[in-house]
Enquirer: 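Before anything else, here's the structure in question.
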Amino acid sequence: MAAVERLAVVLVRHGLTAWNRERRYLGHRDIELLPDDTENGLATLRATLAGVRFDAVHCSDLRRCRQTLARLGIVEGAGAEVRVDARWRELDFGAYEGLRYADLEHDAGYRAWIDSQGEQAPPGGESAAAFHARVAAAMDDLLAQAEAGGHRRVLVVTHGGVVRLLRQRHEGLDFWAGNLAPGQAHTLHFIHQRTWQCIA
């Protein structure tokens with residue numbers, strides 16, 4: 001099959017959780033969304049995506065992402081195949097899970113982690129290098145599947161850190177840029193010229 005010339009990858013950050021609202025570090029802890037779709041941003045996003053056809057859907061295996069997918073009206077087993085994959089998870093914050101900046105600001109290890117931009121892993125957590133490798137592998141597989149399947153539009157329901165990392169990798173943003181609020185989406189556009197090139 002001929003390579004796809006253009007591909008839109010719609011990145012969705014899951015809706016709001018209690019820990020997001022409380023500004024707590026939330027990585028691999030598997031907590032659910034808040035019940036109000038208006039509060040968590042999903043009502044607006046559901047209306048925006050209504051009637052949009054996706055050739056493939058990729059989703060983090062954590063509950064808040066799977067709930068987001070369902071609340072967007074995309075049900076596993078109906079329509080496009082949903083690929084649930086732990087590689088789309090947020091960074092593992094280790095001992096910092098559930099804590100806030102105010103809880104950690106005077107901790108020397110925490111300051112070292114921040115100053116290293118994550119290159120030093122948090123205690124019991126994941127380094128930036130491991131996180132980058134994991135997400136890059138997931139994205140490379142997505143692009144390979146898109147080429148093989150002739151996909152034009154793909155949905156990825158994931159986490160804020162993953163979205164930020166992909167925007168940095170493909171749009172050249174700096175370390176602190178590229179954040180999305182819970183329940184928001186951003187589209188990466190690719191063209192295929194021997195390999196995939198991001199154009200927006």
Side-chain angles (χ1 to χ4, degrees), residues 11-43 45-46 57-72 74-76 82-139 141-142 155-169 175-176 178-186:
L11 304 172
V12 170
R13 182 180 178 187
H14 64 76
L16 191 69
T17 68
W19 279 18
N20 295 140
R21 187 165 58 187
E22 295 164 4
R23 303 183 66 82
R24 297 180 184 276
Y25 282 105
L26 176 57
H28 287 199
R29 188 70 58 89
D30 198 12
I31 69 174
E32 60 188 20
L33 297 180
L34 292 173
D36 185 348
D37 283 353
T38 302
E39 182 181 7
N40 66 29
L42 294 178
L45 184 58
R46 182 170 54 244
V57 177
H58 298 255
C59 186
S60 163
D61 65 327
L62 294 179
R63 188 178 351 175
R64 56 195 184 270
C65 289
R66 295 174 76 147
Q67 288 177 331
T68 295
L69 193 64
R71 292 189 193 182
L72 291 176
I74 300 167
V75 180
E76 295 176 43
V82 177
R83 298 178 173 101
V84 176
D85 188 339
R87 293 178 301 175
W88 293 111
R89 285 186 179 193
E90 181 61 274
L91 177 79
D92 182 353
F93 293 110
Y96 300 151
E97 287 272 341
L99 300 178
R100 297 166 296 178
Y101 175 76
D103 303 320
L104 294 164
E105 62 180 318
H106 301 297
D107 182 283
Y110 174 74
R111 293 304 323 167
W113 174 62
I114 293 293
D115 292 344
S116 76
Q117 297 186 347
E119 292 304 324
Q120 173 182 308
E126 187 174 25
S127 70
F131 178 53
H132 293 187
R134 167 166 65 81
V135 174
M139 188 64 178
D141 283 353
L142 179 155
L155 178 68
V156 179
V157 179
T158 184
H159 305 266
V162 175
V163 173
R164 186 178 73 178
L165 174 60
L166 290 172
R167 294 189 67 192
Q168 290 166 356
R169 179 184 181 198
F175 179 77
W176 301 107
N179 287 331
L180 291 184
Q184 290 188 338
H186 179 80

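Since the model is a prediction, treat every value here as computed from it, not as a measurement.
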Enquirer: Test of understanding: with side chain to side chain contact (heavy atoms under 4.5 Å, CB included), list the residues that count as partners of E126, not counting sequence neighbours.
Expert: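 For E126, the residues satisfying side chain to side chain contact (heavy atoms under 4.5 Å, CB included) (neighbours in sequence not counted) are H28, L91, D92, A130, F131, R134.
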Enquirer: Looking only at atom types and distance, does a side-chain atom of E32 sit under 3.5 Å from a main-chain N or O of R63, one as donor and one as acceptor?
Expert: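 Not confirmed, E32 side chain does not pair with R63 backbone.
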Enquirer: Please evaluate residues I114 and Y101 with respect to the criterion side-chain contact (heavy atoms from CB on, under 4.5 Å), reporting the C-alpha separation (whole Å), side-chain torsions for both, the decisive distance (0.1 Å), and the verdict.
Expert: CA-CA 11 Å; I114 293 293; Y101 175 76; over 6 Å; no
Enquirer: Taking C-beta and beyond as the side chain, do L42 and L33 meet within less than 4.5 Å on heavy atoms?
Expert: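 Heavy-atom side-chain distance check passes, below 4.5 Å.
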Enquirer: Would you give the length of the straight line joining atom CZ of R164 to atom NE2 of H186, rounded to the nearest 0.5 angstrom?
Expert: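 Spacing of CZ (R164) from NE2 (H186) equals 14.0 Å.
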Enquirer: Do L62 and E90 make a side-chain contact, defined as non-hydrogen atoms from C-beta onward lying under 4.5 Å apart?
Expert: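 No - every pair of side-chain heavy atoms lies 4.5 Å or more apart.
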Enquirer: Less than 4.5 Å apart, any side-chain heavy atom of L69 and any of V12?
Expert: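 Side chain of L69 against side chain of V12, heavy atoms only: no contact under 4.5 Å found.
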Enquirer: Rounded to the nearest 0.5 Å, what separates atom CG in D30 from atom CG in D61?
Expert: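 Going from CG on D30 over to CG on D61, the span is 7.5 Å.
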Enquirer: Just by modelled atom types, is the H14 backbone N or O under 3.5 Å from a matching donor or acceptor in the R64 side chain?
Expert: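 The answer is no, because no donor-acceptor pair under 3.5 Å joins these two groups.
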Enquirer: Judged by atom type as modelled, is there a donor-acceptor pair below 3.5 Å linking the side chain of R100 to the main-chain atoms of R23?
Expert: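 No; judged by distance alone, with no hydrogens or angles, the pair does not exist.
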Enquirer: Atom CG of L180 and atom CG of L11: how far apart are they, to the nearest 0.5 Å?
Expert: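 Reported to 0.5 Å precision, the distance equals 7.5 Å.
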Enquirer: How many angstroms lie between CG in N20 and CZ in R13, if you round to the nearest 0.5 Å?
Expert: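 One finds 5.0 Å between CG of N20 and CZ of R13.
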Enquirer: Ignoring hydrogens, what is the shortest heavy-atom contact between L45 and A185? Give both atom names and the distance.
Expert: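 Distance-wise, the nearest heavy atoms are CD1-CB, 3.8 Å.
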Enquirer: In terms of ring plane angle, is the pair Y96 and W113 parallel, tilted or perpendicular, where the classes change at 30° and 60°?
Expert: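 Correct class here is tilted.
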Enquirer: Mind checking whether V135 and R169 have side chains closer than 4.5 Å, heavy atoms only?
Expert: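 No, too far: nothing below the 4.5 Å cut-off.
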Enquirer: To the closest 0.5 Å, what do you measure between CG (L166) and NE2 (H132)?
Expert: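 Going from CG on L166 over to NE2 on H132, the span is 10.0 Å.
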Enquirer: Hey, does L104 have a side-chain heavy atom less than 4.5 Å from the side chain of Y25?
Expert: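 Y25 reaches L104 side chain to side chain.
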Enquirer: As an exercise, state the distance from NE2 of H159 to SG of C65, rounded to the nearest 0.5 Å.
Expert: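 Going from NE2 on H159 over to SG on C65, the span is 3.5 Å.
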Enquirer: Closer than 3.5 angstrom, by distance alone: can the side chain of R46 be matched with the main-chain N or O of R71 as a donor-acceptor pair?
Expert: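 Yes, because the side chain of R46 sits within donor-acceptor range (under 3.5 Å) of the backbone of R71.
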Enquirer: When you compare the side chain of W19 with that of E97, does any pair of heavy atoms fall below 4.5 Å?
Expert: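 A side-chain contact exists here, since the closest heavy-atom pair is under 4.5 Å.
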Enquirer: Looking at T158 and V162, would you say the former's side chain and the latter's main chain have a donor-acceptor pair under 3.5 Å?
Expert: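 Not a single qualifying donor-acceptor pair exists.
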Enquirer: Counting distance only, does the side-chain N/O of D141 pair as donor-acceptor with the main-chain N or O of A138 below 3.5 Å?
Expert: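 Not at all, since once roles are kept as given, no pair shorter than 3.5 Å links the two residues.
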Enquirer: Would you please name every residue forming a side chain to side chain contact (heavy atoms under 4.5 Å, CB included) with A181, sequence neighbours left out?
Expert: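 Checked A181 against side chain to side chain contact (heavy atoms under 4.5 Å, CB included); matches are Q184.
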Enquirer: Can you give me the closest heavy-atom contact between S127 and A121, atom names plus distance?
Expert: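 Smallest heavy-atom distance, with atoms named: N-CB, 3.6 Å.
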Enquirer: Kindly determine whether D85 and R87 satisfy salt bridge (Lys or Arg N to Asp or Glu O under 4.0 Å), including the steps that lead there.
Expert: CA-CA 5 Å; D85 188 339; R87 293 178 301 175; 2.8 Å; yes
